[in-house]
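Quick caveat: nothing in here was measured; it's all calculated off a predicted structure.
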Amino acid sequence: MSGSVAAVQRTRHRVPGFDPHNAAHVAAVEAKLSDEAGTGFQVVGFDPETETVTFERPRAVTEVAAEKGTTRLIASLRTGVKPSDGEREAIRLENQNPGYTMTRFEPHLSHAVLEQLPEDAIRCRGAVAVALAVKPWQVQVACRTDGGYVLELPASYVPSRHDGKLLEVAENVIGRPGWYVNIDPKALTAQIIPAEPPTFPALIPYPFDGTIPAFTSAADTAWTQVPLGSALGRPGDANGPEFRLDLASASHTLLQGLPMSGKSVNINAFAYWMLQVGAELAIIDTPDKSVDFDWIKPYVRDGGWGCESYEAMVATCGMVYAEGKRRAAILKRRGINNWFTITDDSSFRPIVLIADEYTGLMTPERVPKALPKDHPMRLEAEATNAFKDMVATFIQRIALEMRFVGVHVFVSTQLGNTKTGVSTALKAACGNRFLMGPNASDNQRANAFSAPDSVAIVPENVKTTPGVSKGVGVTETEGQPSTVFKGYFAPTTEFADHLAGSSTVHRTDRPEPSRAEIAEHTGMDDLDHWAGQLGDDDPWNGRLAPKSAADRVYNDDGTELLGAAAAARAAKNAGA
């Protein structure tokens with residue numbers, strides 16, 4: 001048999017002289033047929049030309065027939081069955097037909113469909129039905145040939161409401177982490193597919209053989225797509241896509257993470273790319289930590305190495321800010337509000353100011369207030385704190401004011417908040433935010449991101465696999481979905497070798513700010529007569545030292561003052 005089984009019994013008989021409008025006549029004819037063929041028949045139709053009367057009555061029992069060419073059974077439903085009777089009918093039909101499961105319930109069509117399903121498919125169907133808040137027979141399930149299941153979803157399926165629940169079924173109910181769901185919302189079909197969870201290799205080498213676009217003008221934005229590593233792949237993918245930081249969407253970046261979390265790896269990849277495309281680079285760091293970036297020093301913009309002293313940091317930041325002001329004045333004269341339209345001025349190149357270990361840079365020095373006010377230790381601590389304030393002020397001004405002229409700030413810190421020198425304004429200006437480390441706490445995420453609940457989470461298999469978790473972080477960047485990524489790695493010697501072999505990367509003759517530049521940007525113009533040497537064979541190290549005996553500065557106890565302490569005492573003496 002093919003098709004459904006009728007839920008009623010129908011018969012036709014010729015009745016000469018039948019009058020359908022005579023109720024008594026109709027009742028008499030129905031009674032006569034009931035005497036001959038059984039009770040329950042009623043007149044439902046009459047053909048006056050042939051004098052044929054059609055009678056129907058409900059079937060007393062359910063009839064079940066196999067559908068031709070399939071293993072399915074088509075079962076008629078008893079008269080009066082309602083949509084709410086589905087569970088009762090499923091139990092009744094499945095008890096009458098052992099080994100079969102009711103997969104469709106059509107009370108309005110007076111039939112149901114039963115099929116032979118494997119136990120795991122029945123369990124899958126039940127779990128999906130619970131996730132979608134529907135009856136099991138409203139979900140159709142079939143086994144895939146290579147594992148997993150094919151689903152037909154009910155019309156009530158809504159992606160935003162149900163996708164997460166379907167993934168939970170795939171990973172935690174019928175499968176394991178790594179299994180995923182591929183859904184076609186329009187067709188109301190889905191597949192639950194077995195797979196291993198996506199992961200990273202222990203190390204992802206920096207792609208030195210990749211194409212690096214040369215900077216020609218700001219209008220050609222290929223240079224703004226900075227490759228930093230690999231994003232975590234989607235379920236079922238062997239490798240994830242390359243992760244690129246988009247500087248066209250947001251100019252400034254805040255990179256956070258505890259020590260050894262991978263911050264320096266990302267700074268190296270970022271700095272290398274920016275140098276190769278032709279950007280001007282400036283970097284500030286504590287003298288002890290700056291050794292990590294010695295490979296960058298020969299290629300910074302003139303005076304861009306602000307790593308030898310706080311006076312030098314101030315000068316490096318001040319010079320970047322001054323260049324931004326120069327550009328802003330040019331744009332104003334030309335009636336242009338964004339440097340991306342500049343194509344005829346070669347001086348408009350990207351400028352990047354990297355501030356590493358910002359927590360250490362900005363943490364105030366302890367001022368020994370028990371010492372006399374003119375004690376060298378107290379003077380130097382106070383002067384250093386003043387320089388730190390100047391650095392923080394310059395960086396915040398650059399971030400807030402200089403985006404439209406092509407200046408980019410990249411701040412790296414362990415924890416970005418007001419206690420560690422990262423002001424609310426600076427954080428708000430950084431549209432690109434990263435948090436490195438696989439096990440960030442909720443507090444760290446809340447501090448790092450503007451919308452932490454929307455930021456990706458490092459999966460357990462990545463967290464717990466030795467080597468894989470190293471260098472992993474999560475992102476919140478403008479114009480891109482949040483992702484888990486792992487940074488590209490290369491030894492700094494390899495970065496240095498590739499820069500040394502480039503004929504296009506700019507080299508500087510003077511990486512450190514001059515004494516005149518330090519005097520200018522620290523506001524100590526009266527010190528421009530001071531020489532910048534510690535001895536005939538020592539290079540200028542950014543500290544202010546007097547050039548002659550007449551210019552030496554001494555404390556009240558006769559000890560000579562140098563550096564910040566000397567500058568502070570000289571300024572004090574000049575004021576007196």
Side-chain angles (χ1 to χ4, degrees), residues 1-117 122 125-126 129 132-142 152-157 187-188:
M1 174 181 176
S2 177
S4 62
V5 175
V8 297
Q9 184 177 1
R10 183 179 295 110
T11 184
R12 293 178 177 84
H13 296 273
R14 186 172 179 272
V15 182
F18 180 76
D19 183 2
H21 304 292
N22 186 328
H25 189 193
V26 171
V29 172
E30 290 176 344
K32 182 174 177 55
L33 182 60
S34 295
D35 290 341
E36 296 177 358
T39 61
F41 280 103
Q42 293 179 324
V43 174
V44 296
F46 174 61
D47 184 348
E49 292 184 5
T50 61
E51 296 183 307
T52 301
V53 179
T54 302
F55 301 86
E56 287 184 357
R57 71 173 177 182
R59 292 185 182 274
V61 297
T62 300
E63 292 190 9
V64 178
E67 185 178 47
K68 186 176 180 180
T70 73
T71 60
R72 302 198 311 171
L73 301 179
I74 309 299
S76 65
L77 298 178
R78 295 175 297 182
T79 302
V81 169
K82 303 182 295 296
S84 59
D85 295 329
E87 291 185 8
R88 184 189 67 187
E89 290 298 296
I91 294 171
R92 184 177 66 84
L93 292 172
E94 290 170 6
N95 286 339
Q96 292 177 359
N97 301 275
Y100 283 83
T101 299
M102 190 177 83
T103 58
R104 295 186 188 273
F105 177 62
E106 306 286 356
H108 300 298
L109 300 177
S110 300
H111 76 265
V113 176
L114 294 95
E115 298 181 62
Q116 291 179 315
L117 295 178
I122 295 173
R125 185 185 73 150
L132 302 181
V134 297
K135 300 299 183 182
W137 51 85
Q138 293 178 277
V139 178
Q140 307 305 309
V141 178
E152 291 182 28
L153 305 176
S156 59
Y157 161 77
L188 290 176

**OP:** Please work out which of the three classes, parallel, tilted or perpendicular, describes the rings of F18 and F46, given edges at 30° and 60°.
**Re:** tilted

Subject >> Closest approach of R72 to R104 (non-hydrogen atoms, all atoms of both residues) >> reply: NH1-NE, 4.3 Å

Subject >> Nearest-0.5 Å distance that lies between atom CZ in F41 and atom NE2 in H13 >> reply: 7.0 Å

**OP:** Could you tell me which non-hydrogen atom of G99 sits nearest to which non-hydrogen atom of Q116, and how far apart they are?
**Re:** O-CG, 3.5 Å

Subject >> Donor-acceptor under 3.5 Å (N95 side chain, R92 main chain) >> reply: no

Original post:
Counting distance only, does the side-chain N/O of Q140 pair as donor-acceptor with the main-chain N or O of T103 below 3.5 Å?
Top reply: yes

**OP:** Quick one: closest heavy-atom pair of R125 and P136, and the distance?
**Re:** CD-O, 3.2 Å

**OP:** Indicate the atoms forming the closest heavy-atom contact of A75 with L93, along with that distance.
**Re:** CB-CD2, 3.9 Å

Original post:
Under 3.5 Å, is there a donor-acceptor pair between the side chain of E51 and the main chain of G17?
Top reply: yes

Subject >> Side-chain heavy atoms of V113 within contact of I74, under 4.5 Å >> reply: yes

Subject >> Approximate separation, where rounding is to 0.5 Å, of L114 CG and N97 CG >> reply: 5.5 Å

Original post:
Donor-acceptor pair, E87 side chain versus S84 backbone, under 3.5 Å?
Top reply: no

Original post:
So, do T11 and L33 sit near enough that their side-chain heavy atoms are less than 4.5 Å apart?
Top reply: yes

**OP:** Supply the atom-to-atom distance Y100 OH to E94 CD, rounded to the nearest 0.5 angstrom.
**Re:** 12.5 Å

Original post:
Shortest non-hydrogen contact from V134 to S156?
Top reply: CG1-OG, 3.5 Å

Original post:
In Å, rounded to the nearest 0.5 Å, how long is the span from CZ of F105 to CZ of R88?
Top reply: 8.0 Å

Subject >> Between CD on residue E30 and NE2 on residue H25, distance to nearest 0.5 Å >> reply: 11.0 Å

Original post:
What distance separates T101 OG1 from W137 CH2, expressed to the nearest 0.5 Å?
Top reply: 12.0 Å

Original post:
Nearest heavy-atom pair of P154 and L132: which atoms, and what distance?
Top reply: CD-CD1, 3.6 Å

